[in-house]
**Q** 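Questions regarding the structure given below will be posed in turn.
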Amino acid sequence: MGKQSWKPGNMLYPLPVVLVTVADGKGKTNIFTVAWAGTVCSDPPMVSISVRPERYSHQMIEETGEFVINLTTRKLAFATDYCGVKSGRDTDKIKDMHLTLLPGEKVLAPLLKESPVNIECKVEQTLRLGTHDMYVARVVAVHADEAYMDEKGRFMLDKTEPIAYSHGSYFTLGKKLGTFGYSVKKRT
């Protein structure tokens, strides 16, 4: 069997799917789903999200230059999908999904209590790329739910049952295959 040649497109899957919370300058909040999110630098810690300019939350990010990335879980899968297909212009998604917001520590945007990890971000650069604007942002605070800490204080992400997005579908992450460097680790 050979390979088919397709027209250029975005086939980088699976992707993290996150819930992004935002607030405007007057304190009005919204939540929306983003599958185009990623780490771009470790020092200083920076992330990116890509958002269509017509999205309701786009203008809030433009106004404040802030947002919070909230990691998603199996328990949040339904809300994650809902917040991606419904607009904050038309409905209060936070109320509809019975979600809880907590105040941000360093940004106006709120944290999602139900998320195991909240990443507070301040935009440093906006790239107007076409269908999406990419916000490159500095991580200014991270919050981790103590319910997922082991006895040594290590965060156990696998216990949160994180989800990913792949070509129109949501998936839980599977079994751990190894840790960084296991391929070259000396066997005893």
**Q** Quick one: are Ile49 and Val20 in side-chain contact, heavy atoms under 4.5 Å?
**A** yes
**Q** Under a 4.5 Å cut-off applied to non-hydrogen side-chain atoms, are Asn30 and Met60 in contact?
**A** yes
**Q** Report the distance from atom CZ of Arg52 to atom OG of Ser50, rounding to the nearest 0.5 Å.
**A**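 It is 10.5 Å, given to the nearest 0.5 Å.
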**Q** Can you check whether Val117's main-chain N or O pairs, donor with acceptor, with Ser115's side chain at less than 3.5 Å?
**A** yes
**Q** State, to 0.1 Å, how close Leu173 and Ala164 come at their nearest heavy-atom pair, and which atoms those are.
**A** CD2-CB, 3.9 Å
**Q** Do Tyr165 and Tyr82 land in one hydrophobic cluster if side-chain heavy atoms of ILVMFWY residues count as linked below 4.5 Å?
**A** no
**Q** What I'd like to find out is whether the side chain of His143 reaches to under 4.5 Å of the side chain of Glu105, using heavy atoms alone.
**A** yes
**Q** Looking only at atom types and distance, does a side-chain atom of Lys113 sit under 3.5 Å from a main-chain N or O of Leu102, one as donor and one as acceptor?
**A**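 Absent.
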**Q** Find the distance between OG1 (Thr72) and CG (Asp81) and round it off to the nearest 0.5 Å.
**A** 11.5 Å
**Q** Could you check whether any side-chain N or O of Glu114 sits under 3.5 Å from a backbone N or O of Thr100, counting only pairs where one atom can act as donor and the other as acceptor?
**A**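 Yes, the answer is positive, given that a donor and an acceptor are paired below the 3.5 Å cut-off.
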**Q** Is Tyr56 reachable from Leu112 through a run of I, L, V, M, F, W or Y residues, each pair having side-chain heavy atoms under 4.5 Å apart?
**A** no
**Q** Group every Ile, Leu, Val, Met, Phe, Trp and Tyr by side-chain heavy-atom contacts under 4.5 Å, then state whether Trp36 and Val85 land in the same group.
**A**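 Each belongs to a different hydrophobic cluster.
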**Q** Taking 4.0 angstrom as the limit, do Asp24 and Lys28 come out as a salt bridge?
**A** no
**Q** Between Gln59 and Ile61, is any pair of side-chain heavy atoms under 4.5 Å apart?
**A** no
**Q** Would you say the side chains of Glu66 and Tyr135 form a donor-acceptor pair under 3.5 Å?
**A** no
**Q** Might you point out which heavy atoms bring Val123 and Thr126 nearest each other, and give the distance in Å?
**A**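 Minimum heavy-atom separation between Val123 and Thr126: CG1-OG1, 3.7 Å.
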**Q** What about Tyr13 and Tyr170, same hydrophobic cluster or not, with Ile/Leu/Val/Met/Phe/Trp/Tyr joined at side-chain heavy-atom distances under 4.5 Å?
**A** yes
**Q** Which word best sums up how the rings of Phe155 and Tyr148 line up, parallel for under 30°, tilted for 30 to 60°, or perpendicular for over 60°?
**A** perpendicular
**Q** Is the shortest side-chain heavy-atom distance between Phe32 and Val51 below 4.5 Å?
**A** yes
**Q** Measuring from Leu71:CG to Asn118:CG, what's the distance to the nearest 0.5 Å?
**A** 8.0 Å
**Q** Kindly give the heavy-atom pair with the smallest separation between Val107 and Phe67, and that separation in Å.
**A**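 Closest heavy-atom pair between Val107 and Phe67: CG2-O, 4.5 Å.
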**Q** Work out which heavy atom in Ile163 is nearest to a heavy atom in Val17; give both atom names and the distance.
**A** CG1-CG1, 3.7 Å
**Q** Are there more than 12 heavy atoms of other residues, nucleotides or ligands under 6.0 Å from atom CZ of Phe78?
**A**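 Count not over threshold, so no.
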**Q** Distance-only, no hydrogens or angles: does the Glu124 side chain make a donor-acceptor pair with backbone N or O of Val136 under 3.5 Å?
**A** no
**Q** Of all the heavy-atom pairs spanning Leu101 and Pro110, show the shortest one and how long it is.
**A**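 Closest pair (atom of Leu101, atom of Pro110, distance): CD1-CG, 3.7 Å.
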**Q** Does the pair Glu120/Lys106 count as a salt bridge with the N-to-O cut at 4.0 Å?
**A**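 Salt bridge: no.
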**Q** Using the rule that two of Ile, Leu, Val, Met, Phe, Trp, Tyr join whenever any of their side-chain heavy atoms come within less than 4.5 Å, decide whether Leu12 and Val34 are in one cluster.
**A** no
**Q** If we ignore hydrogens and angles and just use 3.5 Å, is the side chain of Ser48 paired with the main-chain N or O of Ala37 as donor and acceptor?
**A** no
**Q** Counting distance only, does the side-chain N/O of Thr160 pair as donor-acceptor with the main-chain N or O of Leu157 below 3.5 Å?
**A** yes
**Q** Distance from Leu111 atom CG to Ile119 atom CD1, nearest 0.5 Å?
**A**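 That separation rounds to 11.0 Å.
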**Q** Just how far is it from atom NZ of Lys86 to atom CG of Asp96, taken to the nearest 0.5 Å?
**A**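 The NZ atom of Lys86 sits 8.0 Å away from the CG atom of Asp96.
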**Q** Less than 4.5 Å apart, any side-chain heavy atom of Leu76 and any of Leu99?
**A** yes
**Q** Apply side chain to side chain contact (heavy atoms under 4.5 Å, CB included) to residues Val22 and Thr64 and explain how you reach the verdict.
**A** CA-CA 9 Å; Val22 294; Thr64 64; over 6 Å; no
**Q** Hey, could you give me the CD/CZ distance between Glu54 and Arg89, rounded to the nearest 0.5 Å?
**A**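 Output value for this atom pair is 8.0 Å.
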**Q** Can you find a side-chain donor-acceptor pair between Asn70 and Thr21 that sits under 3.5 Å?
**A**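 Thr21 and Asn70 do have a side-chain donor-acceptor pair below 3.5 Å.
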**Q** For a 4.5 angstrom cut-off between non-hydrogen side-chain atoms, does Val47 reach Val139?
**A**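 Val47 vs Val139: side chains touch.
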**Q** Which heavy atom of Asp150 sits nearest a heavy atom of Lys152, and at what distance?
**A** OD1-N, 2.9 Å
**Q** Could Glu146 and Arg154 be called an ion pair, given the rule that one side-chain N must be under 4.0 Å from one carboxylate O?
**A** no
